[in-house]
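Just below is one structure, and these are the notes that go with it.
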Amino acid sequence: MARVPAAVTVPATALARRCRTLGDRVRRVRRTPRVRPMAQELVQQPSPYTRALGLMAVVLLGAWLGLLVVGNVRAPVGPMNTTMTLRPSVTGGTKINVSPLGALVLDSHVAPVRLDVNVDQLDPARAQALVDHPERLSGLQDEVAHDVEHGTLDLAVRSCVAVVSGATALGLAVYRRPRRALAAGGLALTLLAASGATAFATWNPDSVLEPKFSGLLSSAPSLVGNARSIVSEFDVYQKELARLVTNVTKLYDVTSTLPTYEPDPSTIRVLHVSDIHLNPASWKIIASLVEQYDINVIVDSGDTMDHGTAAENGFLDPIADLGAPYVWVRGNHDSRLTQRYLEHMKNAHVLDDGRALTVAGLRFAGIGDPQFTPDRSVAPGGGAAEELAGARLASSLRDQRAAGTPVDIAIAHEPSAARLTDGEVPLVLAGHLHHEQTEVMKYGTRLRVEGSTGGSGLRAIEGTYPDPIEASVLYVDRDTRRLQAWDEIKLGGLGLTTAEVSRHLPKENHPGAPQSTAPTPPTSPTPPTSLAPPTPPTPPTSLAPPAPPGLSSSPSGGTP
């Protein structure tokens with residue numbers, strides 16, 4: 001038998017050994033846990049706060065986009081076709097846009113959503129029906145209220161669908177997970193419901209009595225001109241600015257369809273102006289207001305001049321032709337020379353030292369400012385001088401009441417002097433501060449501080465923005481001699497064409513309010529009437545902000 005070579009058996013043994021080694025290695029690899037890639041370990045999961053903020057951003061953006069796309073309702077309101085929309089807002093309220101004329105703003109509620117009502121057009125058929133049947137005007141208020149209620153309910157339903165759809169769609173696009181998208185939609189609906197509950201809880205139905213109407217009529221260069229043309233053609237600027245007042249007044253009269261205080265034809269209309277400071281444009285504006293509002297008497301609470309020199313006296317000549325009696329008291333920029341010039345002018349009635357007189361059915365008393373600041377010819381007495389003047393005016397008011405001729409309106413330039421008349425007169429008028437303020441003082445006297453009817457005069461160009469031109473129309477009942485309402489009129493300063501008219505009602509004149517407890521006379525005021533658009537022109541009303549608690553002037557009685 002042949003021998004098997006040794007070379008054949010060695011490779012077989014080595015191969016078996018290697019196979020066993022390889023099998024052991026495979027088994028060890030299988031038992032060894034799998035290690036995550038390093039890249040996966042470096043990725044950090046976002047914090048819960050980050051995820052919550054991201055979800056909230058998706059919800060808010062999606063809800064807003066949903067409202068923009070489908071969150072509006074077309075609804076007829078009285079004779080108008082409107083589009084109602086909900087919009088995110090910090091302060092809430094209701095805004096009625098009468099494009100391109102302006103906007104009517106109501107402080108109707110406080111919530112993070114605002115109701116926008118866009119007046120698209122006036123329906124000719126419904127408008128003609130009102131013209132043909134004037135008796136329908138008496139029910140127009142109820143009809144408008146029903147239309148608004150119906151449209152608001154439709155808007156609420158559509159808005160719910162809009163915010164849920166928008167937030168869900170955006171959530172699906174961002175997260176690509178249906179569960180997260182549905183969570184975004186549910187959160188959007190919850191936020192809308194919470195906003196609606198807040199609006200309902202803060203709903204103010206009386207806001208419709210005091211809306212604010214504002215509008216931008218045109219760009220400044222096309223209506224009035226730029227700064228260079230104002231200087232070269234100042235007469236044209238005056239006429240255009242006065243025409244602006246006229247047009248805005250007519251505009252408010254035409255577009256007012258909400259219930260407002262309508263002055264009785266016998267109402268005494270007082271135009272309160274102050275701090276003209278040698279602005280010649282003021283006379284055109286005052287003349288326009290006298291004509292448009294059928295003013296019975298003009299009251300100027302001082303600072304008509306700037307330096308009180310004889311060279312300035314000619315500036316006062318237009319007073320004689322303003323179309324209404326002009327009652328005037330001296331301000332700290334008006335000199336005794338200015339006062340003597342006005343005392344001899346036709347149509348002017350100068351009050352000083354508590355002197356009282358009856359003009360246009362109202363009894364006025366006033367005192368001039370004891371300080372003359374432009375040239376310091378009188379040593380400034382500061383607040384003490386003003387308080388002394390106020391005490392003198394209050395003493396005169398008491399004397400008038402004792403004599404059986406009580407004063408209806410007192411006038412002083414400085415508010416600090418006017419404060420001393422509290423309890424002696426129903427209404428006291430002042431100026432000096434160059435901005436409007438109102439306050440009912442401790443003993444019932446209402447203090448009305450007028451802004452600058454001259455836009456602060458030459459000071460209008462000192463700041464970044466020109467000061468507005470301000471004046472007020474006071475509606476006084478002829479029988480009770482009480483203030484029933486007032487309109488604050490504000491025009492943009494030099495070169496600007498913005499205009500705003502705000503109607504304010506005293507609290508005692510709101511429907512259902514108790515009778516006034518103001519001082520003399522003891523008779524109670526006649527409540528206002530809520531009617532359709534008034535005639536002659538009476539602008540729509542505006543929300544009357546609460547008077548600031550500390551109405552005060554500069555302690556030294558210095559200039560503004």
Side-chain angles (χ1 to χ4, degrees), residues 268 270 272 274 299 301-302 327 329 351 353-356 358 362-370 383-433 436-450 472 474-477 479-486 488 504-510 513-528 544-555 557:
I268 302 174
V270 181
H272 184 198
S274 189
V299 174
S301 49
V327 179
V329 298
L351 299 180
D353 298 323
R355 178 193 173 203
T358 301
L362 293 174
R363 191 154 183 83
F364 297 90
I367 192 166
D369 198 299
E386 300 296 342
E387 291 179 3
L388 183 61
R392 189 172 181 180
L393 177 58
S395 175
S396 174
L397 296 174
R398 287 190 290 271
D399 293 343
Q400 290 290 325
R401 186 168 64 247
T405 56
V407 171
D408 304 310
I409 300 177
I411 313 167
H413 179 67
E414 264 268 11
S416 57
R419 283 182 168 279
L420 273 295
T421 66
D422 187 16
E424 307 296 343
V425 66
L427 177 64
V428 59
L429 305 180
H432 186 67
L433 301 183
E436 291 180 320
Q437 293 184 2
T438 303
E439 178 185 0
V440 177
M441 294 185 288
K442 181 179 180 180
Y443 298 108
T445 296
R446 185 181 299 275
L447 171 60
R448 273 285 299 144
V449 180
E450 190 53 74
S472 296
L474 314 177
Y475 300 97
V476 181
D477 186 271
D479 296 327
T480 64
R481 312 288 179 85
R482 297 295 181 83
L483 181 67
Q484 298 295 293
W486 71 93
E488 294 180 359
H504 299 259
L505 304 179
K507 289 184 178 179
E508 62 269 20
N509 276 9
H510 282 245
Q515 292 183 347
S516 172
T517 58
T520 59
T523 52
S524 59
T526 303
L551 188 64
S552 62
S553 58
S554 55

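Below, all heavy atoms of this structure are taken into account, side chains as well, without hydrogens, waters or symmetry copies.
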**Request:** Flag the pair K442 / D422 as yes when at least one side-chain heavy-atom distance between them is below 4.5 Å, and no otherwise.
**Result:** yes
**Message:** Measuring from atom OG of S416 to atom CG of L433, what distance do you get when rounded to the nearest 0.5 angstrom?
**Reply:** 9.0 Å
**Minimum side-chain heavy-atom gap E439-R446 below 4.5 Å** = no
**Asked** Under a 4.5 Å cut-off applied to non-hydrogen side-chain atoms, are P370 and L388 in contact?
**Response** no
**Item:** Distance in Å, Q484 CD paired with Y475 OH, rounded so as to fall on 0.5 Å steps
**Value:** 12.0 Å
**Main-chain N/O of R355 paired with D353 side-chain donor or acceptor, under 3.5 Å** = no
**Item:** Close side-chain approach of R363 and T405, heavy atoms under 4.5 Å
**Value:** yes
**Fill in**
Shortest non-hydrogen pair, G366 vs V329, comes out as CA-CG1, 4.1 Å
**Message:** With rounding to the nearest 0.5 angstrom, report the CD to CG distance, E414 to D369.
**Reply:** 6.0 Å
**Asked** So which of V425, L362, L427, D399 actually passes side-chain contact (heavy atoms from CB on, under 4.5 Å) with V407?
**Response** V425
**Request:** Locate the shortest heavy-atom distance separating A430 from H272; write the atom from each residue and the value.
**Result:** O-CE1, 3.3 Å
**Prompt:** So do L429 and L474 actually touch side chain to side chain, heavy atoms under 4.5 Å?
**Reply:** yes
**Asked** Do E488 and S472 have a side chain donor and acceptor closer than 3.5 Å?
**Response** no
**Message:** If you compare all heavy atoms of F364 against all heavy atoms of L351, which two are closest, and at what distance to 0.1 Å?
**Reply:** CB-CD1, 3.8 Å
**Message:** Distance check, rounded to the nearest 0.5 Å: I268 atom CD1 versus L483 atom CG?
**Reply:** 11.5 Å
**Request:** Identify the two heavy atoms, one from H413 and one from S301, that lie closest to each other, and give their separation to 0.1 Å.
**Result:** ND1-O, 2.7 Å
**Request:** Could you tell me whether R419 and E386 have a side-chain N and a carboxylate O separated by less than 4.0 Å?
**Result:** no
**Item:** Partners passing side-chain contact (heavy atoms from CB on, under 4.5 Å) against I367 (at least two apart in sequence or in another chain)
**Value:** D352, A389, R392, L393, A412
**Message:** Testing the basics here: between V428 and I411, what is the closest heavy-atom pair and its distance to 0.1 Å?
**Reply:** CG2-N, 4.5 Å
**Request:** Write down the atom of A418, the atom of L447, and the distance for their closest heavy-atom approach.
**Result:** CB-CD1, 3.7 Å
**Approximate separation, where rounding is to 0.5 Å, of Q400 CD and S395 OG** = 10.5 Å
**Request:** Measure the spacing between CG of L397 and CD of E424 and express it to the nearest 0.5 Å.
**Result:** 6.5 Å
